[in-house]
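What you are looking at is a predicted structure, and each value in this text was computed from that prediction instead of being measured.
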Amino acid sequence: MLSFISFGRAAAIVLCDMASTAWYIGGIVETAIGPAAPWFILGVLLCAAPVLALYIEGSAMFVRGGVYKVVRESMGGTLAKISVSALMFDYVLTGAISSVSAGQYLAGLMNSALPRLHVHWTVEPHSFSVVFALMAVAYFWRQNIRGIEESSDKAVKIMTLVAVMGVVTFAWAAYTISIRSFRWPSMDLRFTPESLGWLSAGSAVGKLGLLVAFGHAFLGMSGLETLAQVYREMEAPKLKNLKR
């Protein structure tokens with residue numbers, strides 16, 4: 001017999017994947033390409049909108065297999081292999097980045113809060129982040145193999161905490177803007193040697209530079225594939241709940 005999860009649980013799973021990137025993508029892209037980062041993240045998100053629509057259409061037509069089947073049926077096997085390879089790379093990369101970033105945030109919070117509580121103890125951020133990331137990946141791997149009921153329950157609890165954090169962040173941002181005023185970000189691209197990689201021997205200008213910049217922002221598109229994976233487990237009416 002099949003057991004189906006509610007819309008709320010399905011939404012929590014999708015949001016954990018799609019929204020987690022929002023907490024670190026800005027800092028990563030700004031480090032890589034400079035003050036123009038918000039514009040490139042916005043561009044990637046605009047590209048994500050039609051992809052999202054394609055996933056909803058594919059799920060509504062009961063196309064099984066996610067991105068590989070959708071791309072293979074519409075554009076052929078070669079592009080399907082490229083697409084699913086990029087997706088697997090994205091999953092491995094975002095899982096590691098999300099958990100390490102969370103470890104960095106937590107280490108920074110502890111090192112800031114403990115002295116205020118008169119606790120003379122600090123943690124080394126990088127070592128702490130590695131240990132925390134390994135524990136987080138192991139924990140969620142265990143939850144996922146126990147089944148979607150277990151993992152969706154944890155996802156709901158996580159999203160409840162994230163919602164509170166989001167409200168605090170937006171309120172703090174609004175207060176900061178009211179105090180310091182607001183300026184539109186510039187379109188000044190400033191590549192670092194790390195962000196250019198093997199291109200650092202030459203110069204990344206023009207169209208090539210735009211591609212490099214978009215590449216660094218592309219993680220912002222992460223998580224759309226989760227829709228195709230969670231759709232089959234969603235309670236009826238499936239299409240209405242998927243659109244929601």
Indicate if [X] and [Y] have the same hydrophobic cluster label, given that clusters are the connected sets of ILVMFWY residues with side-chain heavy-atom separations under 4.5 angstrom.
| X | Y | result |
| --- | --- | --- |
| Val130 | Val100 | no |
| Ile97 | Phe140 | no |
| Leu42 | Phe218 | yes |
| Val92 | Ile25 | no |
| Ile13 | Phe7 | no |

Non-hydrogen atoms of [X] and [Y] that approach each other most closely:
| X | Y | result |
| --- | --- | --- |
| Ala213 | Phe40 | CB-CE2, 3.4 Å |
| Ala217 | Val29 | CA-CG2, 3.7 Å |
| Ala12 | Met159 | O-CG, 3.6 Å |

query = Can you list the steps and then say if Leu79 with Ile82 is a side-chain contact (heavy atoms from CB on, under 4.5 Å)?
reply = CA-CA 5 Å; Leu79 282 176; Ile82 294 173; 4.3 Å; yes
So for atom CZ, which belongs to Phe182, do other residues, nucleotides or ligands contribute more than 12 heavy atoms lying within a distance under 6.0 Å?
yes
Going by the rule side chain to side chain contact (heavy atoms under 4.5 Å, CB included), which residues pair with [X] if we only count those two or more places apart in sequence or in a different chain?
| X | result |
| --- | --- |
| Pro185 | Pro38, Trp39 |
| Ala107 | Val123, Pro125, Phe128 |
| Ala32 | Ser195, His216 |
| Ser83 | Val67, Val71 |

Connecting only ILVMFWY residues whose side-chain heavy atoms lie within less than 4.5 Å of each other, what is the rest of [X]'s hydrophobic cluster?
| X | value |
| --- | --- |
| Tyr175 | Ile179 |
| Val137 | none |
| Met88 | none |

Hey, could you give me the [atom1]/[atom2] distance between [X] and [Y], rounded to the nearest 0.5 Å?
| X | Y | atom1 | atom2 | answer |
| --- | --- | --- | --- | --- |
| Ile41 | Leu46 | CD1 | CG | 12.0 Å |
| Arg72 | Lys81 | CZ | NZ | 10.0 Å |
| Met165 | Leu161 | CE | CG | 8.0 Å |
| Ile33 | Ile28 | CD1 | CD1 | 12.0 Å |

Quick note, side-chain hydrogen bond (donor to acceptor under 3.5 Å, both in side chains) partners involving residues 23-33, not counting sequence neighbours, are Tyr24-Ser98
* **From CA spacing to verdict: side-chain contact (heavy atoms from CB on, under 4.5 Å), Leu189, Val212** => CA-CA 10 Å; Leu189 282 177; Val212 172; over 6 Å; no
Tyr139 meets the ring-ring contact (aromatic ring centres under 6.0 Å, His included) criterion, sequence neighbours left out, with none
Sequence neighbours excluded, the answer for side chain to side chain donor-acceptor pair (under 3.5 Å) partners of Arg116 is none
Contacts of Gln104 meeting side chain to side chain donor-acceptor pair (under 3.5 Å) (sequence neighbours excluded), chain-then-number -> His126, Ser129
Can any side-chain N or O of Asn241 pair as donor or acceptor with the backbone N or O of Glu235 at less than 3.5 Å? yes
Does Ala96 offer a backbone N or O that forms a donor-acceptor pair with the side chain of Ser99 under 3.5 Å?
yes
In short, salt bridge (Lys or Arg N to Asp or Glu O under 4.0 Å) pairs touching residues 156-168 with sequence neighbours left out are Asp153-Lys157
